[in-house]
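Since we're looking at a predicted model, the values are computed, not measured. Within every chain, numbering begins at 1; the chains are lettered A, B, ... in the order of the sequence lines, protein sequences first and strands thereafter.
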Amino acid sequence: MIRRTLVKKALNAKEPEDEIRIEGWVRTRRDAKAFSFVEINDGTSLANLQIIIDATLSDYETEIVKVTTGAAIRVHGKLTLSQGKNQGWEVIATAFEVIGQADASYPLQKKGHSLEFLREIAHLRPRSNLFGCVFRVRSRLAHAVHQFFQGRDFIYIHTPIITASDCEGAGEMFKVTTIDPAKPPLKDGQVDYGKDFFEKPSYLTVSGQLAAEVFACSMSNVYTFGPTFRAENSNTTRHASEFWMIEPEMAFCDLQEDMDVAETFVKYLIDDILKHCAADMTFFSKFVDKGLKDRLQWVLDRPFERVSYAEAIDILLQSGQTFEYPVDYGLNLQSEHERYLTEKHFKCPVTVYNYPKTIKPFYMRANDDGKTVAAMDVLVPGIGEIVGGSQREERLEVLEKHLEHHELSKEDYGWYLDLRRFGSVPHSGFGMGFERMLMFVTGVSNIRDVIPFARTPGNAEF
RNA sequence: UCCAGAGUAGCUCAAUGGUAGAGCAAUCGGCUGUUAACCGAUCGGUUGUUGGUUCAAGUCCAACCUCUGGAGCCA
């Protein structure tokens, strides 16, 4: 049998082919008197390939009725220029075969479905136009992440998914245990985790940062890119219980450079997707978010605004806007404040830096003013915070004080403090939510629609 | 977790407290190098669940379930 040609390849052909083999899933069939039009898609491209199946082919009468939307078929034929208007190439079948039938209960129709309905059939939604586009772009975006860092001599570190320290300091964690909840081993009336698999309480990671710092402090520039988990009961369009995060960590790097890298990174990803996923991006621009391409281009064409937290508060206080939550020095920026800054005031991504130390975690580097830390957040229109980072505290005594203030034990962080004892250097890094970036790039407004099988509170189907 | 909204045919949606309807899909037929094809017919319902008010409930009330949006937590 001749080799399979992917639909994407066939559609991009330079010249006709006398013999070609195509396999994929039927999107639609239209019957004429003497032949049928069948549109086939194999996921490699948004566009379908049109197949002409002549009624004189053997088994036409018995087999063509099985060629329904959703069925898998194999076609042998000639790749030729189409007589029709909407496609360049089409295949005149010389033989066709139904590989897998789809009966009338196949839920995907030729017409549009609601995103809510498609979420209920997450196992079939990648066969729709929208989700085909989403997951092709997701794949390319992951590739671009690696390309960005690998091209800059960053080393990819696989930080652990199971961690034994509950002190990563970023919210509720999922416990990992082999203890039978019906009859747990007890010690003084409490569950005895000393008898658990890891002989101590262990969890799914909420961040690879602390481990990445270890490697930055020996291999200079590193990054992690992997799944992270939050057991928060968050029910929003921007939160999932399992999501992917990218966390670069750079030795001999201060906050300024950290912000520079973050901005360059965001722009690199946008540029890569616009260049390599043109058809998919056109689809998003047309059906998901009309202003998408213009907005992304706008982001590419100019520097991000940079304001200190104090300046941001001034802007908000002088905005004349009424906010639901109070604006004041020392208070956290709420969603509505971030949105105002990036969507109304600057109308472009904004990097806010030097936050009050009281609202930030212990590992961020204290500034000389005694009040703020060298933290930064990149805020983008429509999503809010897409990058959060900081310069890390490299001074042992200061870090120990921070631990005390946050009521964390020095023993738990012994290995982390060691980094400050032996050849400590200024270093910085940030985290980017992969799905949030994907939402920003595609215009898809719900995180559940950019993850193959989303995990959210009360929902782990599939 | 809090606030708001929504659950009616496989899908998307109608229906003043008074006989549950349309488009699409499916099925059958017709027409056509068609392309979200077109034309005709057929099929399709315990109106999320339970209880209540009423002569009468898809519609009003209560509780619960599910989904959606917003908020908080955060990436």
Side-chain angles (χ1 to χ4, degrees), chain A residues 27-40 47-54 65 68-70 80-87 90 92 102-121 124 128-129 168-172 205-209 227-247 262 287 323-325 332-339 359-361 377-380 383-389 430-440 445-451 456-459 461:
Chain A
R27 283 295 176 78
T28 174
R29 185 186 100 214
R30 295 178 292 275
D31 294 330
K33 196 161 223 165
F35 52 88
S36 296
F37 297 102
V38 173
E39 286 196 36
I40 195 170
N48 302 323
L49 181 60
Q50 178 164 283
I51 314 286
I52 313 296
I53 298 181
D54 197 275
V65 296
T68 55
T69 303
T80 57
L81 283 169
S82 176
Q83 301 169 32
K85 286 175 194 159
N86 295 359
Q87 60 275 325
E90 65 185 17
I92 311 290
D103 69 21
S105 65
Y106 184 68
L108 285 171
Q109 299 173 12
K110 286 179 262 184
K111 297 224 171 192
H113 291 288
S114 67
L115 293 171
E116 290 82 3
F117 174 67
L118 289 167
R119 263 172 229 149
E120 291 170 13
I121 50 166
L124 295 172
S128 66
N129 285 336
E168 291 173 357
E172 291 295 308
T205 185
V206 294
S207 164
Q209 182 201 312
T228 46
F229 307 86
R230 303 282 165 88
E232 302 283 354
N233 189 10
S234 297
N235 295 285
T236 80
T237 53
R238 305 180 308 283
H239 293 85
S241 311
E242 175 182 313
F243 63 99
W244 283 56
M245 191 150 62
I246 301 143
E247 294 174 291
F287 296 110
F323 294 108
E324 193 183 336
Y325 287 84
N332 228 328
L333 294 180
Q334 302 292 323
S335 290
E336 56 174 347
H337 306 142
E338 296 182 346
R339 295 187 86 116
I359 58 173
K360 289 292 181 184
D377 284 349
V378 177
L379 313 176
V380 297
I383 313 282
E385 184 182 341
I386 200 167
V387 165
F430 61 82
M432 169 189 277
F434 182 62
E435 283 80 10
R436 289 203 181 163
M437 186 63 199
L438 190 52
M439 289 164 73
F440 185 57
S445 58
N446 194 316
I447 197 167
R448 284 165 278 204
D449 297 327
V450 297
I451 303 181
T456 50
N459 203 331
E461 289 298 309

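- When heavy atoms are screened at a 4.0 angstrom cut-off, A:Ala32 is found touching base atoms of the nucleic acid.
- Among the heavy atoms of the strands lying under 4.0 Å from A:Arg448 are primed sugar atoms or P, OP1, OP2 only; no base atom is included.
- Minimum interatomic distance between A:Asp54 and A:Phe35 (heavy atoms only, all atoms of both residues): CA-CB, 3.7 Å.
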Between A:Arg27 and A:Asn129, does a side chain to side chain contact (heavy atoms under 4.5 Å, CB included) hold up when you go through it step by step?
-> CA-CA 10 Å; A:Arg27 283 295 176 78; A:Asn129 285 336; 2.8 Å; yes

Which string of ( ) [ ] | and . matches RNA chain B, if you list each base 5' to 3' and count Watson-Crick or G-U pairs only when both distances are under 3.5 Å?
-> (((((((..((((....[..)))).(((((.......))))).....(((((..]....))))))))))))....

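- Taking side-chain N and O atoms only, A:Thr237 has a distance below 4.0 Å to OP1 or OP2 of B:rG70.
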From CA spacing to verdict: side chain to side chain contact (heavy atoms under 4.5 Å, CB included), A:Ile447, A:Arg238 | CA-CA 5 Å; A:Ile447 197 167; A:Arg238 305 180 308 283; 5.6 Å; no

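- Between A:Phe323 and A:His337, the ring center distance clears the sub-6.0 Å criterion.
- A donor-acceptor pair under 3.5 Å is absent between the side-chain atoms of A:Gln50 and the main chain of A:Glu90, judged by distance alone.
- For the pair A:Arg30 and B:rA37, the criterion of a side-chain N or O lying under 4.0 Å from OP1 or OP2 is met.
- Residue A:Gln334 places at least one side-chain N or O closer than 4.0 Å to OP1 or OP2 of B:rC73.
- Annotation: B:rA15 and B:rU50 have their C1' atoms spaced 25 Å apart (nearest Å).
- Atom P of B:rG7 sits at a distance of 15 Å from the matching atom of B:rG17, rounded to the whole Å.
- Taking atom P in both B:rC64 and B:rA4, one finds a spacing of 14 Å when rounded to whole Å.
- A donor N or O paired with an acceptor N or O is found under 3.5 Å between the base of B:rC73 and the side-chain atoms of A:Ser234.
- Distance CG (A:Asn332) to P (B:rC73): 6 Å, rounded to an integer number of Å.
- Between A:Asn459 atom CG and B:rC67 atom P the separation is 6 Å, expressed in whole Å.
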Distances for protein N/O vs nucleotides 13-15 of chain B N/O pairs under 3.5 angstrom?
none

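- Regarding A:Glu242, its CD atom lies at a distance of 17 Å from the C1' atom of B:rC74, rounded to whole Å.
- Across all strands, A:Gln83 comes closer than 4.0 Å to base atoms (heavy-atom distances).
- One can place CD1 of A:Ile121 at 11 Å from C1' of B:rG10, the figure rounded to the nearest angstrom.
- Counting to the nearest Å, the C1' atom of B:rC38 and the CG atom of A:Asp31 are 13 Å from each other.
- In this entry the distance linking CZ of A:Phe37 with C1' of B:rG33 reads 4 Å, nearest Å.
- Using a 4.0 Å heavy-atom criterion, one finds that A:Glu324 contacts no nucleic acid atom at all.
- Taking both residues in full, the closest heavy atoms of A:Leu115 and A:Asp449 are given as CD1-OD2, 3.7 Å, listed atom of the first, atom of the second, then distance.
- Each of A:Leu333 and A:Glu39 has a nearest nucleotide on RNA chain B; the 5'-most of these lies closest to A:Glu39.
- Contact check, A:Ser335 against B:rG72: a side-chain N or O comes under 4.0 Å of OP1 or OP2.
- The minimum heavy-atom distance linking A:Gly389 with A:Asp377 is given by the pair N-OD1, 4.2 Å.
- Comparing B:rU68 with B:rC60, their C1' atoms sit 24 Å apart, to the nearest whole Å.
- Residue side chain A:Gln87 reaches the base of B:rU34 through a donor-acceptor N/O pair under 3.5 Å, judged by distance alone.
- Proximity of A:Arg238 to the phosphate of B:rA71: a side-chain N or O atom is located under 4.0 Å from OP1 or OP2.
- Pairing each heavy atom of A:Ser207 with each of A:Met245, the nearest pair is CA-CE, 4.0 Å.
- Here A:Arg339 does not reach the OP1 or OP2 of B:rG70: none of its side-chain N or O atoms lies under 4.0 Å away.
- For the OP1/OP2 pair of B:rA36 and a distance below 4.0 Å, the side-chain nitrogens and oxygens of A:Arg27 include no atom meeting the criterion.
- Using a 4.0 Å heavy-atom distance criterion, A:Tyr325 is classed as a sugar-phosphate-only contact.
- Within the nucleic acid shown, A:Asn446 comes within 4.0 Å of sugar-phosphate atoms alone, with no base atom in reach, counting heavy atoms only.
- Within the 4.0 angstrom heavy-atom criterion, base atoms lie near A:Gln109.
- Looking only at distances, no side-chain donor or acceptor of A:Thr228 sits under 3.5 Å from a matching main-chain atom of A:Thr205.
- Counting all heavy atoms, side chain and backbone alike, A:Tyr106 lies closest to A:Thr69 at CD2-O, 3.3 Å.
- When rounded to the nearest whole Å, the span between CZ of A:Phe117 and C1' of B:rA9 equals 13 Å.
- If A:His113 and A:Ser82 are placed on RNA chain B by their nearest nucleotide, the residue sitting closer to the 5' end is A:His113.
- When all heavy atoms of A:Thr456 and A:His239 are compared, the pair lying nearest together is CG2-O, 3.9 Å.
- Ring planes of A:His113 and A:Phe117: tilted class, angle from 30 to 60°.
- A:Ile52 comes within 4.0 angstrom of a nucleotide base, judged by non-hydrogen atoms across all strands.
- Nucleic acid contact class of A:His239 (heavy atoms, under 4.0 Å, all strands): base.
- Atom pair A:Tyr106:OH and B:rG10:C1' shows a separation of 14 Å (rounding to whole Å applied).
- To the nearest whole angstrom, the two C1' atoms, one in B:rG40 and one in B:rU32, are 15 Å apart.
- A distance of about 39 Å separates the P atoms of B:rG18 and B:rA37, rounded to the whole Å.
- Across B:rC43 and B:rC28, the matching P atoms stand 15 Å from one another, rounded to whole Å.
- Side chain of A:Glu435 to backbone of A:Trp244: a donor-acceptor contact under 3.5 angstrom is found.
- Here, B:rU16 and B:rU35 have their C1' atoms 44 Å apart, quoted to the whole Å.
- Looking at heavy-atom distances under 4.0 Å, A:Thr236 makes contact with a base.
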